[in-house]
Each structure stands twice: as C-alpha cells, then as structure tokens.
Number of protein chains: 2
Amino acid sequence: MQIDVSTRQLRAFLALADGRNFTRAAAQTHLSQPAFSALIRALEEQLGLRLFDRTTRSVELTVEGRLFEESARRVLHEAQEAVADMQAHAARRRGRVSLALLPSLAAGWLPPLLAGFRARHPDIHLDVADVLSEDCVERVRSGRADFALASTRADTPELRTELFCSDGFHLVCRRNHPLAKLRLPRIADVAAHPIVQLSRESSVRHQVEAAAHPRQLNTVMELDQLSSVAGMLRAGFGVSLVPELALFHFDHPELVTRPMQGPKLRRQIFVVRRRDRSLSVAAQALYEELMAHPPGALSR
Amino acid sequence: MQIDVSTRQLRAFLALADGRNFTRAAAQTHLSQPAFSALIRALEEQLGLRLFDRTTRSVELTVEGRLFEESARRVLHEAQEAVADMQAHAARRRGRVSLALLPSLAAGWLPPLLAGFRARHPDIHLDVADVLSEDCVERVRSGRADFALASTRADTPELRTELFCSDGFHLVCRRNHPLAKLRLPRIADVAAHPIVQLSRESSVRHQVEAAAHPRQLNTVMELDQLSSVAGMLRAGFGVSLVPELALFHFDHPELVTRPMQGPKLRRQIFVVRRRDRSLSVAAQALYEELMAHPPGALSR
DNA sequence: CGATCTTACGGGATTCGTAAACATA
DNA sequence: TATGTTTACGAATCCCGTAAGATCG
C-alpha cells in the first residue's frame, strides 16, 4: 500500500512536535486550528498510529512520533533543498554553461561579455573551450558543450545551425611592404607574395585557400596560433590574411591592415546547438546574452 | 517562498522520467493522461522551470530535470522508508519493549509467554530487566522501562499502579523438619524456628517482616538469590517463607512446601507504568499479552 | 471555568475524467 | 494520418474555516 505524504504535512507535524501546541502550530502553518487538527489526524491515520499523546492540556510525541520526527526532519530538509536548488537554477543563481568557440572570439570579443555575465550570475559555472571550428561542433554533438560559435555549418538530424555574425578578411603586412600601398587589396594582388598561414586544420586556412582557388598561394610557413603569425610578420616573413575579429593580434606599429575586397573573403560565424534538446536555463541565459551582443562595430 | 511537494508528485515525475511517455506514466500513476499532464505542469510551475522537453513524439528530461531526478529519487525513497517504518511499527513488525519485572516472575512465569510473543513479533526487540521491585519502579520512572511488574505500589504524579495478581507465601523446609507436619502453618508457628531470608532490599523480606510484626524472626542467614536459599534449606539451615510464584526454585525431593495462613502472607504484584505517556505500540502489545495471561493456576 | 482539542457542517478551491483540439513525425 | 500531448469544461472530491461540543486541569 503506497501512501502519499506532502512537505506540508511534514512541516505541520514538525511544527507541532516543536511547539507541542495545536493552536500555535496551526497559526505557524497558516491554518485554522481545526484544519490543522484534521491534518495531523490524517497523517496519523495514514501511518496507522498515534504520533502525539494529547489531552487538552498537553501535547507530547509518542515513542513512534519521536522516531518519525527524525525521518521527517531529514526528508523535509532534503525535499526543501531539492526545490530550492531548482529554484536557484530557475533564477539563474546556479547552473553550468559549457561553451565552445573559436579562439579568435575567445580572446577578443568574449571576455568583456563573459565578465558581465559572471557579475550578474556569479554562481553559474562557466566552462569555455577555445578550440577550432570542427572541435567546437564535435563538442556540441557529444554533449560536452551546450552550444558553440564556430565558422562551419553543421546541419544534421541532431544539430541546428544559425548565422551569428560575419567578419571580413584583412591583409596584414609590415608597414613598408609593397601591398601596404593598396587600399582594398584583392586576392589576386596577394597571391604572388609570400604568405604566412595557419595550419590546414584551421577553418580560416580553408576559406583563404577557397577564395584563392584556382590560384595557388605562396605559403612560406604554417602556424597554429595567430599571435605567432603576428611575430613572423613583424620579422618580415611576408603577409597574412586574417579575419577582422582576430585583428587585435596584429595591433603593432610596424604592421598595417587592409580590408580585402571580394565576397568570398568574408567569414561567417554560426551558432551551433542541438536540435532535440533545449538549453539549460543557465545556457539559455548566456545564449541570449551573446546573441544580443554580436561583435558590434563589425558588419553582418 | 515555501513550496509544497508531495510524494505523489515525485512518483509521477519519476514515472515520466523513467518511461518518457505521458500516457504510460499516467496509467502507472492511476491517473488519466490529462490529469497526469496537469500534475507535471504544476510541478514545473512550482519549481519555476521545465523538467521535460516534450513534443508529441518524444519526452526527454531537461538538464535541470536530470538534476532534479537525483534529488527526487533520494527524497522519495527516504520518505517511503519513513512511512514504511511507521507502518511496520503499527503492524507490530518492528519496535522495542523494555520490561522490568521481579526475578521470580522473570524466571518462572515470563519465559513461555515471552517466547510466544517473540514468535508472533520476531522483530520487536525485547529488553527485560529482572531486578528488585524498587529498581523496577525506578526504571519506569526514568523511562528506561516501558512498564514494570513489581511488588510495590508507586502512585506519584508520573506513575500509575494497578493490581496484576497476587500470590500467597509458602513455608519451605526439609521434609523431616517439625514444621513439615503442619497443613496450614501460621507466622506464629514459624517465628521460633531458624529462618533463611532474602536480603533487606528484597520486597519479599519486607513483607515477611511486616507479617511477623511485632514478633522478631530468628534470621540465620541473608541471601540475594532464591536458588541459593533452596540450597541452604536442603543443607538443613532452617526454613524460609517464599511467594508461590517462586516455589519452582524449591522443587526438590528433600524439601516440602506448605501454604501459609493469614491475610498478610499474600504478596500483591502490580503493573507500574507512566501516567502521562502512552505505551509504544510494541509495549502495548506485550502489555496486553501479559495482562491477558496472569499466572494462571494461582489465585488473585 | 477557562484554555484547548475535537466534531459538525456548509462553502469554495482543487483536481479529476471525458471529449475535443492541437502538434509532430 | 496516426500517435500522443494539451486545452476545455462539467463534476466529484477534498480541504478549509466557522461554530458548537467535549475534555482536562
């Protein structure tokens, strides 16, 4: 025989166990005294035994009542903890977000936004993976990330992609480089010059190669980190093509940047998330925050 | 803001979390499907967040739902344990009884009764103190015993006494003792003979002395245990006066017993229990059992 | 006799089930 | 279109509060 117990009953029981007075316990429970009495009686009937020895003058726990008191306190406490925890999640006072995004976003645009989010939600745990686009998508697919900002689409039965923003590629070179004279260089202008590139896994590399196609670029070096590329350029290793959001790596007096001409030299950044699952409250909060503040000064 | 949760809600939630299907979970919960749906919705509203991502085709726990699932299982389990434990106590399948009673009762009359009780209620823990009357009463007063069978009254604001049974004193002596010839000896007959007595703490001793008053008895030895008294009598140390319920100690071919004459030579045995507290279910069960089977062959 | 718990009872909120509407694969 | 969830609504149930009754110190 399975029996229903509610936290209200437990609270009422414990109020009476503590105060040992129906009238006061009823007031504390926001009930009329007869209603409170009925509630205790119902609980006793459910359990099949008396919890209180009562006369008009005294109310005392029975032996069994004392046993039940221990359990009741524990159960009520845990139930209230569970509810409070859920409410904390609902109020964005607790939770966890796992975000995967491109290193170029993670270094430049994200930090101030994330600082604001953290200030508003100090107890939401943040888990940021600054990895390449493929890895971003894979993390969402596997559930390790709630959503991702990546530069590759991923529309599968489980994943959903939407455009977040786009940024144009810029030429970067030393101030005294011949190409520095051009206001809006085109890919054809660049093709002949020695070029420092990112590794073949990089989506930036893919897009640069695709934009140059069928021309072959004169790649003199491949690196993994844009900050390393900047160092090479300063040392005179050639030029590079870099998306606008990553230009801060090249903010140096010896270097200049020039926006590239041509529609292919524009990178799109997507939000990738699971199609079937909703975001957690915390993830949804960050998601909305990020979507409301795309890289502002930049064109869509 | 304090929120009410019931085990019914938790059961419903877990049924849906397990089955991931409203219709089946509703049936399992003995509810119509719309009623079940409303129940889940109410729970979600109380917590302030969605617990399930649902379409008509799939029902899945949200991130928060999975968190809640853990707590819900724990809370429900503990609540059910607590209720089941109370029901077990109510059904006399669990519990504890602490009984204090005179050694003479504990050795002779009690064991078979207690064996029957134990057979019927194997999981009720029995705690028997076979101690002298004063100690019996003290144990009830202090709460170490639920009730006692003692030979002294104890009517105080906290204790209540009622008659349980009575037994007459018998003379015990060697078969060849002069007193063995009397059918119904009186205290006057005994007074002159050497007598082996129990210690001054014993209520039997008190009563014997009181019955003899103002005569002085010719006490040759004081012992604590009746079985030792029996040994002394067999060895010819004299006679003794023993309540009927303790006569089994003297069941020996060399010894004879004779019922004493006179109203003072009758011992009363009382049930002593607390006035304010009810007995636990287990104690009440034993109490009723004992009260229904007073030492049968003996007069009241 | 006064304080306190219990019983009695009418009114109101809650919750149920049936039926229809709605949504998704 | 078929399966399965939500909405709509009348009805039964449960629970509350007021008032009267009972009980103990």
Side-chain angles (χ1 to χ4, degrees), chain A residues 2-13 15-46 49-62 65 155-160 274-278, chain B residues 2-13 15-46 49-62 65 155-160 274-278:
Chain A
Q2 93 185 354
I3 274 187
D4 185 42
V5 197
S6 68
T7 55
R8 241 168 58 92
Q9 283 179 307
L10 297 184
R11 263 190 286 269
F13 166 73
L16 186 55
D18 289 337
R20 303 203 301 281
N21 177 296
F22 275 72
T23 309
R24 279 196 296 276
Q28 191 179 326
T29 320
H30 309 296
L31 276 176
S32 73
Q33 191 275 322
F36 183 88
S37 203
L39 193 154
I40 295 292
R41 178 162 19 92
L43 179 60
E44 289 181 326
E45 278 168 14
Q46 285 175 345
L49 40 72
R50 289 242 138 188
L51 295 170
F52 296 94
D53 279 333
R54 41 198 187 274
T55 68
T56 54
R57 276 306 183 199
S58 87
V59 176
E60 290 291 338
L61 282 165
T62 60
D155 288 295
T156 68
E158 30 180 8
L159 297 181
R160 190 154 54 104
R274 294 187 63 101
R275 195 182 287 279
D276 49 350
R277 295 191 198 153
S278 65
Chain B
Q2 96 185 350
I3 274 187
D4 184 43
V5 196
S6 68
T7 55
R8 240 169 58 94
Q9 284 179 304
L10 296 184
R11 263 190 286 267
F13 166 73
L16 186 55
D18 288 338
R20 304 203 301 282
N21 177 298
F22 274 71
T23 309
R24 278 195 297 276
Q28 192 178 326
T29 319
H30 310 296
L31 276 177
S32 72
Q33 191 275 322
F36 182 87
S37 203
L39 193 155
I40 294 293
R41 178 161 19 92
L43 180 59
E44 289 181 327
E45 279 167 14
Q46 285 175 346
L49 39 72
R50 288 243 139 190
L51 294 170
F52 296 95
D53 280 333
R54 43 197 186 274
T55 68
T56 54
R57 278 304 183 199
S58 87
V59 175
E60 290 291 338
L61 283 164
T62 60
D155 288 294
T156 70
E158 30 181 8
L159 297 181
R160 190 154 54 102
R274 294 187 64 101
R275 193 182 289 278
D276 49 352
R277 297 192 197 152
S278 65

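Throughout, a chain's letter reflects where its sequence line sits, starting with A, and its residues are numbered from 1.
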Asker: Strictly below 4.0 Å, heavy-atom distances to any atom of DNA chain D: list the hits from residues 18-33 of chain B, or just say none.
Answerer: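 Here the set is B/Asn21, B/Phe22, B/Thr23, B/Gln33.
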
Asker: Can you give one letter per nucleotide of nucleotides 19-25 of chain D, going 5' to 3': B for a protein heavy atom under 4.0 Å from the base, S for sugar-phosphate only, - for none?
Answerer: B---BBS

Asker: Hey, where on DNA chain C does chain A first and last touch, going 5' to 3'? Cut-off is any atom under 4.0 Å from a heavy atom.
Answerer: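 Result: C/dG2 to C/dT7.
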
Asker: How would you list, by chain and number, every residue that makes a salt bridge (charged side-chain N to carboxylate O under 4.0 Å, His left out) with A/Asp53, sequence neighbours excluded?
Answerer: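 A/Asp53 satisfies salt bridge (charged side-chain N to carboxylate O under 4.0 Å, His left out) with no residue once adjacent residues are dropped.
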
Asker: Can you name the residues that form a side chain to side chain donor-acceptor pair (under 3.5 Å) with A/Glu60, not counting sequence neighbours?
Answerer: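 Applying side chain to side chain donor-acceptor pair (under 3.5 Å) to A/Glu60 gives A/Arg20.
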
Asker: Mind checking side chain to side chain donor-acceptor pair (under 3.5 Å) for A/Gln46 and listing every partner two or more places apart, or none if nothing turns up?
Answerer: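 For A/Gln46, the residues satisfying side chain to side chain donor-acceptor pair (under 3.5 Å) (neighbours in sequence not counted) are A/Gln9.
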
Asker: At a cut-off of 3.5 Å, list every protein nitrogen or oxygen paired with a nitrogen or oxygen from nucleotides 12-14 of chain D, distance to 0.1 Å.
Answerer:
none

Asker: Kindly calculate the angle separating the two end axes of the helix from C/dC1-D/dG25 to C/dA25-D/dT1, each obtained from five base pairs, and round it to 10 degrees.
Answerer: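 About 40° separates the two local helix axes.
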
Asker: Quick one: which residue pairs count as a side chain to side chain donor-acceptor pair (under 3.5 Å) with a foot in residues 31-40 of chain B, not counting sequence neighbours?
Answerer: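 The answer is none; no pair qualifies.
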
Asker: Just jot down the side chain to side chain donor-acceptor pair (under 3.5 Å) partners of A/Glu44, sequence neighbours excluded, or say none.
Answerer: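 Side chain to side chain donor-acceptor pair (under 3.5 Å) check on A/Glu44 returns A/Arg54.
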
Asker: Using the salt bridge (charged side-chain N to carboxylate O under 4.0 Å, His left out) criterion, which residues pair with A/Asp18? Sequence neighbours excluded.
Answerer: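 Partners of A/Asp18 under the salt bridge (charged side-chain N to carboxylate O under 4.0 Å, His left out) test: A/Arg73.
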
Asker: State which residues pass side chain to side chain donor-acceptor pair (under 3.5 Å) with B/Gln28; sequence neighbours excluded, sorted by chain then number.
Answerer: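 Counting only residues at least two positions away or on another chain, B/Gln28 forms no side chain to side chain donor-acceptor pair (under 3.5 Å).
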
